[in-house]
Amino acid sequence: MKIGILEGDDIGHEVVPETVKIMRAAAKVTNLEIDWQPIPIGRAALDSLGTTLPSDTLSRLEALDGWILGPIGHQAYPKIPEAVNPHPILRKHFDLFANIRPVRSYPGIPSVHQNVDLVIVRENNEGFQPDRNVVAGSGEFRPTNDVTISVRVITRAGSSKVAREAFELARSRKKQLTVVHKDTVFKLGCGMFVEECKRIALEFPDVMMSEAIVDTFAMRLVMTPQKYDVVVTTNMFGDILTDEAAGLVGGLGLAPGLCAGPHRAMAQATHGSAPDIAGRNIANPYAMIMSGQMLLDWLGRKHDNQAALHAAGLIERAVNKIMTERKTLTGDLGGTAKTSEMGDAIAAAILQWAE
Ligand code: ATP
């Protein structure tokens with residue numbers, strides 16, 4: 001299995017090495033062979049190679065099964081053509097159409113709700129986002145000073161791909177999938193999304209699919225998030241609902257993510273590069289570590305690789321242990337541990353189970 005390491009910027013240089021440390025430990029215990037490939041990106045690449053996204057980086061990623069991308073601090077890049085924000089380019093180039101974001105509460109960790117364990121699968125490359133729905137120009141335009149028009153793109157291909165990803169995920173969990181939409185108003189756009197979800201549902205008779213209108217769902221999510229397992233929705237609804245859901249269980253430090261495509265996946269936490277706390281070894285590595293865990297789980301399911309699935313399971317168990325014991329947590333989780341101490345504790349738990 002070939003996996004790239006792209007540290008990104010700022011706290012990326014701290015949380016990505018912890019993630020790799022833990023994935024290495026799990027791979028060792030499960031005899032999973034991983035060919036690790038460090039690949040330049042971001043500010044470090046700009047300083048050493050003259051661009052934040054070297055052409056070599058894209059071609060090297062082509063040869064991989066997946067990679068870990070640390071947070072990108074593009075707001076601080078100099079305003080020059082060589083300093084592009086690389087991650088939207090990666091999402092488009094590799095057709096990473098599904099943005100998978102789990103939301104989970106832990107007892108003892110400050111949280112609006114307890115007993116939450118759901119995953120939102122957001123369509124990632126079309127919808128209302130103006131940078132993603134046209135090949136040239138913008139999906140938003142202003143024909144007169146007083147009128148703005150935004151274009152939303154929904155395709156059968158995009159909808160069915162993300163639906164299949166969500167059904168597969170639901171099959172590996174509690175076998176419940178909620179399709180969130182608003183076909184009462186967007187009869188054609190959301191209507192097409194729902195039609196495709198129903199079509200894919202025929203391939204997954206073991207998964208129970210239900211539907212929810214987005215506004216009602218937003219309310220139910222706040223009141224009873226415990227009722228949901230896997231949720232699939234279009235790009236902008238997903239954008240809003242994933243942040244709402246993360247807020248229910250403790251915020252950014254606890255929000256991992258995976259961008260999945262037809263052949264490859266990219267582990268990418270929801271949080272940014274947090275320059276305010278970078279270089280101090282205090283960032284919470286949870287979101288990045290669990291993004292790496294998701295990558296192994298996805299690769300395991302994609303390639304029917306039992307060792308990868310086992311490794312992903314071990315990481316999840318070890319993270320649960322450390323989060324439940326609450327002895328080695330970073331400051332944002334109420335602890336006093338350094339980033340590397342929390343990483344060490346998780347890696348040690350995994351290695352201990354090998355003995
Ligand atoms: P972006 O727009 O790039 O996503 P952002 O503006 O949302 O970035 P972040 O960099 O995510 O901002 O940081 C927001 C706040 O959350 C900061 O105060 C930061 O210190 C904190 N934060 C973000 N990630 C972590 C983390 N892993 N551990 C601890 N604190 C974090």
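Numbers here are sequence positions counted from 1. For ligands, and for the atoms within them, numbers begin at 1 and follow the listed sequence.
- At a heavy-atom cutoff of 4.0 Å, ligand 1 is surrounded by Ile11, Gln75, Leu252, His271, Gly272, Ser273, Ala274, Asp276, Ile277, Ala283, Asn284.
- Taking the six-membered ring wherever Trp is involved, the centroid distance between the rings of Tyr228 and Phe217 falls below 6.0 Å.
- Checked by atom type, the side-chain pair Asp332/Thr330 shows a donor-acceptor distance below 3.5 Å.
- Under a 4.0 Å N-O distance rule, the pair Lys198/Glu211 qualifies as a salt bridge.
- Classification of Glu14 and Arg280 as a salt-bridged pair fails, no side-chain N sitting under 4.0 Å from a carboxylate O.
- One finds a salt bridge joining Asp117 and Arg173 here, because a Lys/Arg side-chain nitrogen approaches an Asp/Glu carboxylate oxygen to under 4.0 Å.
- Salt bridge annotation for Lys302-Asp65: absent, with no cationic side-chain nitrogen under 4.0 angstrom from a carboxylate oxygen.
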